[in-house]
Amino acid sequence: MIKKIAIFDDDLDIAEIIKTILERYDYDTKIYSNSKKIKQCLKNFKPDLILLDIFMPGLSGKEIAKKIKPNKETNHIPIIAISGLNEISNISKKIGADDYLAKPFEMDELLKIVKKYLE
Amino acid sequence: MVKIVTKPRKGGDRELITEQKKGKRLNLKDEGVFLSHKKTEIINNIKEIIKISNSPLILIDENLNIIATNQYFYNTTNIQDNIIGKSIKSLFQPKKINSNIISILKKIKQKDHHKNILIIEDIKLVNSHHCVLEIIRLDNIFLKKEDSIILFHLKKSNEEVATSNEKIDVISFLGHELRSPLTSLKGYNQLIRKTFQEKNYTDPELYHYIDKIEGQIDRLSSLIEETLDFSRIHLNKMNLNYSFCNFNHLVLDLIEDLEQTTKKHRIILQGKLTEKVRIDEKRIRQALTNLITNAIKYSPKSEKIIVKIKELKNNTISVSVQDFGIGIPFNQQQKIFEKLYQFNNKKNGLGLGLYITKYIINKHGGNINVKSIKNKGSIFTFHLPAQPKTS
């Protein structure tokens, strides 16, 4: 079955390249440029994994994680935090993300981390 | 902050006194000649210290004319004209300040004046820059107080330091922001390669261009990383994440990676450590990468690079990187660790690599040095505490 990945990023250049790469490897993806759309995403798109830019308009990374992790129906969805900040490894732990990708990342790194959580 | 030794070192004392005794034994008739010779010698030594000091310093003679300064003075004050030979008065404005300085000079030269540093908290330079001025009297047993040597030390005012921190903050923000378009560039370039491969395009020219773009993306990436490290160092925000690490694995892994970047060189590892060391693995890897890539870059005609690791007695490890390349002239060997220093005037980087490397090693409580002979090669060696006390 095709796995679904939600891309939360307000930088459309980044979001699109991530989408293009993932779709080439047969993932179904959807871009959300405002984190307030998380409810809608969980309800309608039902992602198997979330790629989350930790700084974007709307809710903070922590608030998003809070909407996903305590809920039994959604707490299995891995959250991968994405950022150009150096402190990303610490921040991702703090907000409750499962893993992180530090910018600038390679295509293979993206695919590797996605595979790690989806296969 | 400059450290001025106002009293001569013990050894130095002994040496000078012995010379003075010698002088007496030789029945030097004119003590004045001896002292003036001594003064010239001391002034020459101070000139040398000013040259290598990394604080903005000015040395003046008894007529208040400037006889020595250094690049840091020009960098700090943004004054561009050569100031050597000019009166110290020509540096400041308005005139009132100058009379203030003259009275301070008189004061500090007074025999019974106990302080040898007087500070003017805010002083305006001719180019309207504000700075803090320290007027320092260097005492020496061979000099009478009224003959004392006077040094001017200019420091950025607190306000200036704050503005410069703000600038660095902007650089840091910019650096982080640049990582995003860089990620896009990388991604699209890799996609182009994949697409060509999948469509069975075999024209080597196409792949050559993709390689070129990739090389430039990597260069841009390392420039951004160096800029970010520089801002981190400046704002004192480079924190180390210590963990126990198998150093042998780290070095072998790194050598394997770096051998991919060179067609010509073999990187040979000698020695190994028996125990794990506690370091910031990422940062030490960065420092070592820097030394090995420099070794590759500056030894285009030789094939061998030797990396030696060993344990020393006092819970210290020693790591050296040796190349057989163009070497570094003696007078440049310390300068290469300075920020923004361009070795050989080659402008293919920011001149921050060795500055950052040194900072990383020092931050671990270690030290780094270089031995080099022109056209024979260089050995960079650093020592690190295997288990530092601080974390």
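Numbered from 1 within each chain, the chains take letters A, B, ... in sequence-line order.
With no hydrogens or angles considered, a side-chain donor-acceptor pair links A:Asp99 and A:Tyr117 at under 3.5 Å.
If you run salt bridge (charged side-chain N to carboxylate O under 4.0 Å, His left out) between B:Asp229 and each of B:Lys237, B:Lys282, B:Arg283, only B:Arg283 comes through.
With a 4.5 Å cut-off on non-hydrogen atoms, B:Ser221 touches chain A through its side chain but not through its backbone. Only the side chain of A:Asp11 comes within contact range of chain B, with heavy atoms under 4.5 Å apart.
Ring geometry for B:Phe230 versus B:Tyr355: interplanar angle of 30 to 60°, hence tilted. In this pair, B:Tyr201 and B:Phe196 present their aromatic rings tilted. The plane angle is within the 30 to 60° band.
Counting heavy-atom pairs closer than 4.5 Å to chain B, the top-ranked of the candidates A:Ile17, A:Asp13, A:Ile18 is A:Ile17.
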